[in-house]
Amino acid sequence: MKKTLILLLVMIMVIGSFTACGGKKDAGNGGDAATEVKIGINYELTGAVATYGEASVDGILMAFDEINAAGGINGMKIVPVKVDNKSDAAEATALATRLMTQEGVVASLGPATSGNFMATIPVAMSSKVPVISASATADEGVTVDAKGNVNDYVFRLCFNDSFQGVTMANFAANNLSAKTAVIIQDNSSDYAKGLAKNFKETFTAAGGTIVAEEGYVAKDKDFNAILTSIKGKQFDVIFLPGYYQEAGLIIKQARDLGIAQPVLGADGFDSPVLLELAGAAALNDVYFSNHYSSLDQDPMVQDFIAAFKEKYGSDPNAFHALGYDLGKYIADAISRAGSTDPTAIKDALASTKDFAGVTGTFSMGQDHNPIKSIVVIGLENGVQTTSVKVDPK
Amino acid sequence: MRAITKKNLLILVTILLTFGIVQTLLTVGIINSFYEITIATICINIILAVSLNLVTGFTGQFSLGHAGFMSIGAYVCAIVNLQMNSTVGFLVGTFAGALVAALVGILVGIPTLRLRGDYLAIATLGMAEIIRVVFLNMEITNGAAGLNGIPRFTNWLWLFVFTAGTIILINNFIKSSHGRACISIREDEIAAESMGINTTKYKVMAFAIGAFFAGIAGALYSSYFFFVKPDLFGFLKSIDILVIVVLGGMGSLTGSVIAAVVLAVISTFLQSFTAVRMIVYAALLVLIMIFRPQGIMGTREITDLLKFIPRKKDDRIE
């Protein structure tokens, strides 16, 4: 009994260590205060959402390398202090504390997901060091606290979930002329619930009807029961808020059952895994909102894609692009602040106007959310063929 | 009687010294706020491991649901604390959380503790998952997003009070006649039953006490890390706690304390080595398990090793 138990535990630990993908070697630390500026990078480099963290960090480091190669910020070299929070909220808090009180960073970037980012907010507020996330899209509890006060030292570079839900509802009603919709949402994810709520409100306000609302739980594999029940109903579009792991399977199973209506989703669809799971033949009439599109002919976007391919040998996704913008944004703010005092940097971050990034041009709003455009990408045979830019209202 | 007094005095002095030294280092600033987090993790893990040890190590009931009880404590304390933003609120929340956890422990324990070994492990695992899914779907717990902005009241004083309190209370329980009954169940359940011990009653008792202290650990956790969400208390969290217990030695409170400290120090030390940290951590566990399969301490306590303290022969049941 005891032996089996021990063997079991050892196996779990070993498997755990292999599935957690490794990060890259830490950049140098220490250095002269006058010629260097330390910026914390607190990301999920191992654990459940490591792909988001790794991609963001690749983008950030690419931006830092470009800035350093061009002479740094006002002559100061950026020294990134990279740490791995293991996709764990408590670890994110601990590392934020370490970065701010021990390493003496002037600002900290990340984590990528809303939950882990929220765990660093109280540390930022008490240490008075700005934290910025490029991808924490949760509506509540990020830049504004429960009482409605703005968290002074907290910023984000992405639109929030409600904006995506509203955009997709308008897209369904205006661009696809849909009158009726079915919602299939991931009940275990707050992200999906927020999107579904906002989609429903906007779509019904625009005169549409929600015919059915179905739910599933992350890691489900078989969706035939849900799909068979909606197959008999009359509807124009399916709204599918959730992540690519399940969305890929749902789309494939729906198309196999002969459900040919357009499928709408949000930035959770943005992964090559979607294509692997669904197969190219099933990915027709699929639309999702995203932070940026590689189809954007803006020279800045095309230059970024070319430079990224040269550096990393692959196509950048939205997290790479957001990370890159994040690196440029903090450097811009430090340069405008003209000092490495975290409070001055915070003020510079807050007063950002018309910052041109790969993921769109934005100004920082009163509530520390950026006012920026959103892109709706359309897929044909698994390939991104259309992109529609929607500006904020 | 005199020997026991002397021993208790020694324990008291050790406790006060530990508290005093760390408090001084904190005040002087040698332990900065980053290492303070490691200390908080250590204390919370000690409470979790010691309480699980009572169930798994001493009573011999293999439980994989400890994170579930921890989450109850964490959520109850967080909800109370968000309403009553004061030290009183924190203490009320902590004890409320612990009591609710104990209550759930009793409710779950009565049917499941009739199972043994692997079956019990699966039942407790299922229970922890049910608790997690309930929190995921409740309105008051804010679903998958969890509760954030929880005020921080957990500090070194409270961490120390609760950790020392847990160790002393569980140690006293084990040395009491109830505790001996629990140990007899571990050694041989049929023999214990034939001696007139109500095995289900004692198993449920150990389970409820374990759940109570797991609830306290959860409350300290939520009040220290500002933030709780259901994902934090998954299956792997239960495994983490079990690793501490097995590593320290099933049936040794000292072992649980040492293992909690050692693992936290290793984890903190490896923090700077992103790529290799999990491999090194796992390799260390494998090595310790190969060379000391009974755990660091086996079933011995620190007091067994300190030979210079005179003690009565029947002080402990080995």
Side-chain angles (χ1 to χ4, degrees), chain A residues 1-7 9-10 12-18 20 22-26 45-46 48 82-84 86 88-95 97-102 114-116 118-119 121-123 126-127 138-141 145-147 186-194 217, chain B residues 32-38 40-41 44 56 60 62 82 117-118 121 133 136-137 142-152 221 224-232 236 239 242-243 246-247 250 267-268 271-283 285-286 289-290 293-295:
Chain A
M1 172 62 202
K2 221 169 182 177
K3 277 249 167 72
T4 4
L5 164 66
I6 287 159
L7 205 70
L9 289 178
V10 166
I12 286 171
M13 294 313 296
V14 172
I15 291 166
S17 71
F18 279 114
K24 287 166 201 88
K25 192 78 191 125
D26 212 341
L45 301 176
T46 56
K82 191 171 84 173
V83 289
D84 168 25
K86 297 198 281 189
D88 179 88
E91 197 85 3
T93 309
L95 290 170
T97 312
R98 176 172 141 200
L99 288 171
M100 290 168 196
T101 61
Q102 268 198 301
S114 300
N116 294 339
M118 283 182 208
I121 290 172
V123 185
S126 64
S127 324
D139 281 335
E140 286 164 21
D145 68 16
K147 295 187 190 74
D186 177 353
N187 273 335
S188 61
S189 144
D190 206 59
Y191 160 77
K193 284 182 176 170
V217 180
Chain B
N32 56 29
S33 44
F34 173 60
Y35 290 113
E36 205 186 317
I37 292 183
T38 309
T41 313
I44 291 165
T56 302
F62 192 38
L82 285 170
D118 310 348
V133 172
L136 202 57
N137 287 297
N142 201 16
L147 297 166
N148 65 316
I150 302 160
R152 179 186 272 186
Y221 180 95
Y224 195 84
F225 290 106
F226 315 107
F227 180 75
V228 282
K229 65 172 185 172
D231 298 10
L232 296 173
L236 281 175
I239 293 286
L242 194 64
V243 165
V246 175
L247 193 66
M250 301 217 286
S267 177
T268 308
Q271 220 155 36
S272 313
F273 308 95
T274 312
V276 292
R277 65 192 292 196
M278 289 314 285
I279 297 170
V280 173
Y281 184 75
L285 288 178
V286 172
M289 282 292 105
I290 289 172
Q294 73 275 45

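Note on naming: letters A, B, ... go to the chains in the order of the sequence lines (proteins, then strands), and numbering restarts at 1 for each one.
By number of non-hydrogen pairs under 4.5 angstrom with chain B, the leading residue of Lys193(A), Gln102(A), Met118(A) is Gln102(A). When the candidates Ser127(A), Gly115(A), Ala92(A), Ala89(A) are compared by the number of heavy-atom contacts under 4.5 Å with chain B, Gly115(A) comes out ahead. Put simply, of Ala192(A), Gly194(A), Ser188(A), the one with the most heavy-atom pairs under 4.5 Å next to chain B is Ser188(A). When each of Leu95(A), Val217(A), Asn187(A) is scored by its heavy-atom pairs under 4.5 Å with chain B, the top score falls to Leu95(A).
Only the backbone of Ser189(A) comes within contact range of chain B, judged by heavy atoms closer than 4.5 Å. Both the backbone and the side chain of Phe225(B) come within contact range of chain A, with heavy atoms under 4.5 Å apart. Looking at Ala119(A), both its backbone and its side chain come within 4.5 Å of chain B, counting heavy atoms on both sides. The contact between Leu136(B) and chain A is made by backbone and side chain atoms together, counting heavy-atom distances below 4.5 Å.
Using a 4.5 Å heavy-atom threshold, the side chains of Phe227(B) and Thr93(A) count as separate. Taking the side chain as every heavy atom from C-beta outward, Leu99(A) and Val83(A) approach each other to under 4.5 Å. Under the 4.5 Å side-chain criterion, counting only non-hydrogen atoms from C-beta, Ser114(A) is not in contact with Lys229(B). Under the 4.5 Å side-chain criterion, counting only non-hydrogen atoms from C-beta, Lys82(A) is in contact with Leu45(A).
Under the side chain to side chain donor-acceptor pair (under 3.5 Å) criterion, Tyr224(B) pairs with no residue at all, not counting sequence neighbours. Applying the side chain to side chain donor-acceptor pair (under 3.5 Å) test to Asp88(A) and every residue at least two apart in sequence or in another chain returns nothing.
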